[in-house]
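Note sheet for the following structure.
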Amino acid sequence: MSEPVRVRYAPSPTGFPHVGNIRTALFDWVYARHAGGTFIVRVEDTDVARTVPGALGAIFDGLRWLGLDWDEGPEVGGEYGPYFQSQRLALYKEAAERLVAQGDAYYCFCSPERLETMRAEQARRKVPPGYDRLCRNLSPEDARECQAKGITPVVRFRMPLKGQTEFDDIIRGHVRFENSTIDDFVLMKSDGYPTYHLASIVDDHAMRISHVIRGEEWLSSTPRHILLYRALGYPPPVFAHLPIILGPDRSKLSKRHGATSITDYRDDGFLPETMVNFLALLGWSLDDKTEIIPRDALVKNFSLERISQTAAIFNREKLTWMNGVYIRQLSLDEFTQRALPFLEKGLPDSIKRPLDLDYVRKVMALIQERVRQLTEVAELSLFFFEERLAYEPAMLIEKKMDAAGTLKALQVSLERISPLASFETGALEAVLRPLAEELGLKTGQLFGTLRVATTGRAVAPPLFETMAVLGKERTLARIKAAIYKMGK
RNA sequence: GCCCCCAUCGUCUAGUGGCCUAGGACGCUGGCCUUUCAAGCCGGUAACAUGGAUUCGAAUUCCAUUGGGGGCGCCA
């Protein structure tokens, strides 16, 4: 094993990167890092018509967000560049011409219209679709004639009519295809651009790619690739076809399945470390119990052999749970920093900006363990920032209490905490806990009433901590407001 | 239709002939803790697709069936 490990992620800017694409990128990256090899990004921009504006940017954003740094590729360069296929056209043309000269490929002048009617006919007769090889044995004269008519040909591979093509896949094992079931596929389009098949083989060889780790949807075209390597005289790389990720309805992931682009997960308040961990476990496992595995441990322990062969369904509930785990692991400063953009975005404009960072930090300390997605921070902490609380007075009245008792509880509480010099958790508890008993109430009743009074909600962080963060002035004002509400 | 891949709880998975009356996690659920919620802790629910074969013994090997997925483009 003297060949250095070189793995490429080859995205196409024809769509936004969904979790399936990104999971492939992650596995490519992790394997390269694990093996101490090189991770390469190569942009497969050979379909000019289908290029989606912004898609490439989203792909890079996604990779960067997840920390999947590349050693060679766009923006960083490298000695095997350029890393955009659209800038390597001469290489493909040369390879195609060589294949034609060798007799392994031929020019095809069939029009798209003819191919379309041919396919329609095949569908009608229920025979396998595929090019009927009309131009496979065109004489040089016929070819010249077509050329003269101004028809720009495509280049097709001259598929062997019999025999088998087989290869070993790290994940699938030995796979064999009958050559007769594969048609003469296109290598070079009439617009001068190569197809994926040609371009990827030429580049994987030129870039010294050692391992092709890609989605299972490529498994069926691998025999074509093997044959191309052979025809070109290139040694094939190691192949590993990853199981695909399915939507909840068991079909291939598509736009119908909600948050499609990886960047949507960022916007939905997921942490990149969560995504890396979760995606890694979608198709790979360390052992029979490890769920939380940090990036460095993932890199250290990763192996292609432990990748599953089964397609997996993306389970968003588990992702949410895992995000909560990662959020709770963050230091308070780290959490505050990550939550801030979501707070700025989620809090209503009516709340004065800039936010007091010191205060925000105290608030975040109380909600951190209750957050599962960063998008929740604004809602969970809104009452800490609002000037006046809007809630129904009836909410103040706890179970087995009446209006009079509630009013009294509020009034006495106000009296007892007003003189407090220190508005700290311990001091508040020292006063209020005995008060419950004095009033003949359960702590749940008294604290519940005060919770609604100070937060406007029945569900909130622990009472004393909440009061301490709100501060004396605001707390007393809110209790007074509650008394006023009860009095009406 | 043809080709290829796959098949363990609802979902993600462990399991490579005996350690499996199948383990872990999410979810759901009962309880504990508790000022609500969350977190945490303890417990429960739930799976080897089916039929053959090999073997003393099969979730694990082989075959078939069924089911699911992918591919069959001048897309990648």
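Each chain gets a letter, A, B and so on, in the order the sequences are listed, and its residues count up from 1. Note that these values count all heavy atoms, side chains included, but never hydrogens, waters or copies made by symmetry.
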Is there a Watson-Crick or G-U wobble partner for [N] with both distances under 3.5 Å, and if so, which one is it?
N       : value
rA22(B) : none
rG40(B) : rC32(B)
rG1(B)  : rC72(B)
rA59(B) : none

Rounded at 0.5 Å granularity, tell me how far OG1 in Thr466(A) sits from CZ in Phe447(A).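 Here the rounded value is 12.5 Å.
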
Reported CD-to-CG distance for the pair Glu386(A) and Leu389(A), which is rounded to 0.5 angstrom: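 Going from CD on Glu386(A) over to CG on Leu389(A), the span is 6.0 Å.
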
Could you write [range] as a row of B, S and -, 5' to 3', where a protein heavy atom under 4.0 Å of any base atom gives B, of only sugar-phosphate atoms gives S, and otherwise -?
range                        : answer
nucleotides 71-76 of chain B : SBBBSB
nucleotides 60-68 of chain B : --------S
nucleotides 21-31 of chain B : --BBBB-----

On a whole-Å scale, what distance lies between the [atom1] atoms belonging to [N] and [M]?
N       : M       : atom1 : value
rU45(B) : rA53(B) : P     : 34 Å
rC63(B) : rC4(B)  : P     : 13 Å
rG18(B) : rC37(B) : C1'   : 49 Å
rC62(B) : rU21(B) : P     : 23 Å
rC28(B) : rA38(B) : P     : 11 Å
rU55(B) : rU13(B) : C1'   : 29 Å
rU61(B) : rU54(B) : C1'   : 8 Å
rU36(B) : rA59(B) : C1'   : 46 Å

Are Arg114(A) and Asp132(A) close enough for a salt bridge, meaning some N to O gap below 4.0 Å?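 A salt bridge links Arg114(A) with Asp132(A).
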
Would you jot down, in residue-number order, the residues of residues 448-462 of chain A having a non-hydrogen atom under 4.0 Å from RNA chain B?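 Only Arg451(A), Ala458(A), Val459(A), Ala460(A), Pro461(A), Pro462(A) qualify.
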
So does [X] get a side-chain nitrogen or oxygen closer than 4.0 Å to the phosphate oxygens (OP1/OP2) of [N]?
X         : N       : value
Gln309(A) : rC5(B)  : no
Arg214(A) : rG70(B) : no
Ser285(A) : rA14(B) : yes

Within 45 degrees of the ring normal and closer than 6.0 Å to the centroid, is that where the cationic atom of Arg23(A) sits relative to Phe27(A)?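 Geometry flag: set, cation within 6.0 Å and 45°.
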
Identify whether NZ of Lys or CZ of Arg in Lys362(A) sits under 6.0 Å from the centre of the six-membered ring of Phe384(A) and within 45° of that ring's axis.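 Geometry flag: not set, cation outside 6.0 Å or 45°.
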
Check the surroundings of atom [atom1] in [X]: do more than 12 heavy atoms from other residues, nucleotides or ligands lie under 6.0 Å from it?
X         : atom1 : value
Lys408(A) : NZ    : no
Glu437(A) : CD    : no
Lys93(A)  : NZ    : no

Any base atoms under 4.0 Å from [X], or only sugar-phosphate, or nothing? Heavy atoms, all strands.
X         : answer
Phe185(A) : nothing
Gly283(A) : sugar-phosphate
Arg433(A) : base
Leu463(A) : base

Could you check whether the side chain of Arg172(A) and the base of rC5(B) have a donor-acceptor pair of N or O atoms closer than 3.5 Å, going by distance alone?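 Checked by distance alone, the answer is no.
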
Does a donor on one side chain sit under 3.5 Å from an acceptor on the other, for [X] and [Y]?
X         : Y         : answer
Tyr83(A)  : Asp203(A) : no
Thr290(A) : Asp287(A) : yes
Tyr9(A)   : Asn21(A)  : no

Nearest to the side chain of Arg370(A), heavy atoms from C-beta on, is which of rA38(B), rA14(B), rC4(B)?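 Looking only at heavy atoms from C-beta outward on Arg370(A), the closest nucleotide is rA38(B).
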
In whole angstrom, what separates [X]'s [atom1] from [N]'s [atom2]?
X         : N       : atom1 : atom2 : answer
Ile245(A) : rC6(B)  : CD1   : P     : 18 Å
Met159(A) : rC2(B)  : CE    : C1'   : 15 Å
Tyr326(A) : rA39(B) : OH    : C1'   : 18 Å
Ile171(A) : rG70(B) : CD1   : P     : 18 Å
Ile313(A) : rA7(B)  : CD1   : C1'   : 13 Å
Glu121(A) : rC2(B)  : CD    : P     : 18 Å
Ile307(A) : rC12(B) : CD1   : P     : 17 Å
Ile244(A) : rC12(B) : CD1   : C1'   : 16 Å

Only one of Arg156(A), Arg224(A), Arg136(A), Arg133(A) forms a salt bridge (Lys or Arg N to Asp or Glu O under 4.0 Å) with Asp183(A), so which one is it?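 With Asp183(A) as partner, Arg156(A), Arg224(A), Arg136(A), Arg133(A) yield a single salt bridge (Lys or Arg N to Asp or Glu O under 4.0 Å), made by Arg224(A).
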
Between Phe447(A) and Glu369(A), who's closer to the 5' end of RNA chain B by nearest nucleotide?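 Final value for this comparison: Phe447(A).
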
Is it true that Phe314(A) and Phe278(A) have ring centroids separated by less than 6.0 Å?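 Between Phe314(A) and Phe278(A), the centre distance is under 6.0 Å.
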
Which residue pairs pass the side-chain hydrogen bond (donor to acceptor under 3.5 Å, both in side chains) test with at least one member in residues 444-457 of chain A, sequence neighbours excluded?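 Listed by first then second residue: nothing to list.
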
Give every residue pair that meets the side-chain hydrogen bond (donor to acceptor under 3.5 Å, both in side chains) criterion with at least one member in residues 370-383 of chain A, sequence neighbours excluded.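 For residues 370-383 of chain A: none.
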
For the pair Arg42(A) and Glu44(A), evaluate salt bridge (charged side-chain N to carboxylate O under 4.0 Å, His left out) and give the outcome as yes or no after the intermediate values. CA-CA 6 Å; Arg42(A) 181 179 72 222; Glu44(A) 313 241 323; 2.9 Å; yes

Mutual orientation of the aromatic rings belonging to His241(A) and Phe239(A) [parallel < 30°, tilted 30-60°, perpendicular > 60°]: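 It falls in the parallel class, under 30°.
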
